[in-house]
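Along the sequence shown, residues carry numbers from 1. Computed over heavy atoms, backbone and side chain alike; hydrogens, waters and symmetry mates excluded.
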Amino acid sequence: MILTVLLLSFMTTAQQPSPPPADNFGVIEGVVVDQDGKPVEGAYVYSIGNAEGKRPMGGRCPPGPIVMTDSAGKFTLFHVLPDNPVSVYASKLSDYYPDACVLSMFVLQNSKIPEVEVNVGQPVNVIVRLAKKVGRIQFYVRDADSKELVHGIFMQSCRKGTPAKYCVGGMSGPSDYTTLISPGFDFSIQIEADDGQHEKWEYHDPKSGSRYIRGKSGKTETLNIYLRKKK
């Protein structure tokens with residue numbers, strides 16, 4: 001669930017392109033645009049070929065160099081292996097555009113990832129259209145009496161209509177973190193403190209009483225959660 005932290009960990013390594021030292025690579029040039037076709041500045045771009053594996057499970061994602069778009073939304077990827085077809089990925093978390101390479105049951109994948117044929121010495125051009133903006137939820141889990149963040153939490157989240165065995169959870173996490181959620185999903189949240197001294201908390205909408213919450217496109221919702229001590 002701590003998806004934002006995962007995405008930011010590799011984006012901090014982004015570098016501006018530099019000419020390759022050898023001529024046995026391909027080059028991808030292009031522009032990143034939003035849903036309205038407008039260029040997006042500061043988007044992160046990388047490519048994955050067949051030999052590297054599409055959306056590698058349990059491996060580093062992305063597997064290669066990352067570049068950033070300029071003020072006109074343009075980018076250049078050097079050192080691209082001529083391994084066809086090659087998929088081109090783009091994201092910009094600060095504007096709520098998630099990375100389509102990272103698997104998450106709470107973020108709809110962009111099914112229109114462009115694929116290009118890359119050959120040595122023949123630069124190829126591509127337009128990458130970002131998917132619809134997702135929502136962001138910021139959690140703060142505190143002790144109800146002291147109002148201090150609890151030491152750590154166990155959270156289980158389930159998409160509405162999804163069997164319980166496919167719910168996300170099982171690992172301890174921080175009490176202050178952010179996660180992404182596509183606007184089309186409703187999901188439940190249950191939280192327990194690692195110390196075993198607090199009661200379990202379950203999300204209920206304060207107005208409707210619904211057990212499910214939904215992300216809002218392009219917006220961050222903050223949840224302040226207060227856990228009561230067990231009697």
Can you tell me how far apart [atom1] ([X]) and [atom2] ([Y]) are? Round to the nearest 0.5 Å.
{"X": "Glu148", "Y": "Asp145", "atom1": "CD", "atom2": "CG", "answer": "11.5 Å"}
{"X": "Tyr44", "Y": "Met68", "atom1": "OH", "atom2": "CE", "answer": "3.5 Å"}
{"X": "Asp176", "Y": "Thr178", "atom1": "CG", "atom2": "OG1", "answer": "7.0 Å"}
{"X": "Gln190", "Y": "Cys158", "atom1": "CD", "atom2": "SG", "answer": "7.0 Å"}
{"X": "Glu192", "Y": "Gln197", "atom1": "CD", "atom2": "CD", "answer": "13.0 Å"}
{"X": "Asp195", "Y": "Ile153", "atom1": "CG", "atom2": "CD1", "answer": "11.5 Å"}

> Checking side chain to side chain contact (heavy atoms under 4.5 Å, CB included) against Val128, which of Thr69, Ile113, Val32 comes through?
Replying inline: Val32
Could you check whether any side-chain heavy atom of [X] comes within less than 4.5 Å of a side-chain heavy atom of [Y], counting everything from C-beta outward?
{"X": "Ile66", "Y": "Val45", "answer": "no"}
{"X": "Phe25", "Y": "Val80", "answer": "no"}
{"X": "Asp99", "Y": "Tyr46", "answer": "yes"}
{"X": "Val124", "Y": "Asn119", "answer": "no"}
{"X": "Ile28", "Y": "Val126", "answer": "yes"}

Show me the side-chain donor-acceptor pairs of residues 223-231 shorter than 3.5 Å, one per line, residues at least two apart or across chains.
unit_1: Lys230; atom_1: NZ; unit_2: Gly196; atom_2: O; d: 3.3

Looking only at non-hydrogen atoms, find the nearest pair between [X] and [Y] and report the distance.
{"X": "Val33", "Y": "Val40", "value": "C-CG2, 3.7 Å"}
{"X": "Ser217", "Y": "Lys132", "value": "OG-CE, 4.1 Å"}
{"X": "Ile191", "Y": "Phe139", "value": "CD1-CD2, 4.4 Å"}
{"X": "Ser91", "Y": "Pro98", "value": "CB-O, 3.3 Å"}
{"X": "Gly37", "Y": "Arg129", "value": "N-NH1, 3.4 Å"}

> Which residue pairs pass the side chain to side chain donor-acceptor pair (under 3.5 Å) test with at least one member in residues 25-41, sequence neighbours excluded?
Replying inline: none
>> Would you say that more than 12 heavy atoms from the other residues, nucleotides or ligands in this model lie under 6.0 Å from the NE2 of His204, or not?
In response: yes
>> Within a 6.0 Å radius of atom CG on Leu149, are there more than 12 heavy atoms belonging to other residues, nucleotides or ligands?
In response: yes
>> I'd like to check the side chain to side chain donor-acceptor pair (under 3.5 Å) partners of Ser208; sequence neighbours left out, ordered by chain and number.
In response: Asp205
>> Can you list everything that forms a side chain to side chain donor-acceptor pair (under 3.5 Å) with Arg211? Sequence neighbours excluded, please.
In response: Glu202
Report yes or no: do [X] and [Y] belong to one cluster of Ile/Leu/Val/Met/Phe/Trp/Tyr joined by side chain heavy-atom distances under 4.5 Å?
{"X": "Tyr177", "Y": "Tyr140", "value": "no"}
{"X": "Phe187", "Y": "Tyr96", "value": "no"}
{"X": "Val141", "Y": "Ile213", "value": "yes"}
{"X": "Leu77", "Y": "Val31", "value": "no"}
{"X": "Val168", "Y": "Ile189", "value": "yes"}

>> Going by side-chain contact (heavy atoms from CB on, under 4.5 Å), name the residues that satisfy it together with Tyr212, two or more places apart in sequence or in a different chain.
In response: Lys160, Asp186, Ser188, Ser210
>> Please enumerate all residues that pass side-chain contact (heavy atoms from CB on, under 4.5 Å) together with Lys219, with sequence neighbours excluded.
In response: Lys216
> What do the steps show when you test Gln138 against Thr220 for side-chain hydrogen bond (donor to acceptor under 3.5 Å, both in side chains), and what is the final call?
Replying inline: CA-CA 7 Å; Gln138 171 69 53; Thr220 296; over 6 Å; no
> Side chains of His198 and Asp143: donor-acceptor distance under 3.5 Å anywhere?
Replying inline: yes
> Glu115 and Asn84: side-chain donor and acceptor closer than 3.5 Å?
Replying inline: no
>> Tell me whether Ser175 contacts the main-chain N or O of Val150 through its side chain, where contact means a donor paired with an acceptor under 3.5 Å.
In response: yes
>> Please check this pair: side chain of Ser182 against backbone of Val134, looking for a donor-acceptor N/O pair closer than 3.5 Å.
In response: no
> Step by step, would you call Phe75 with Val88 a side-chain contact (heavy atoms from CB on, under 4.5 Å)?
Replying inline: CA-CA 11 Å; Phe75 67 89; Val88 184; 4.2 Å; yes
> Is NZ or CZ of Arg159 both nearer than 6.0 Å to the six-membered ring centre of Phe185 and within 45° of the ring axis?
Replying inline: yes
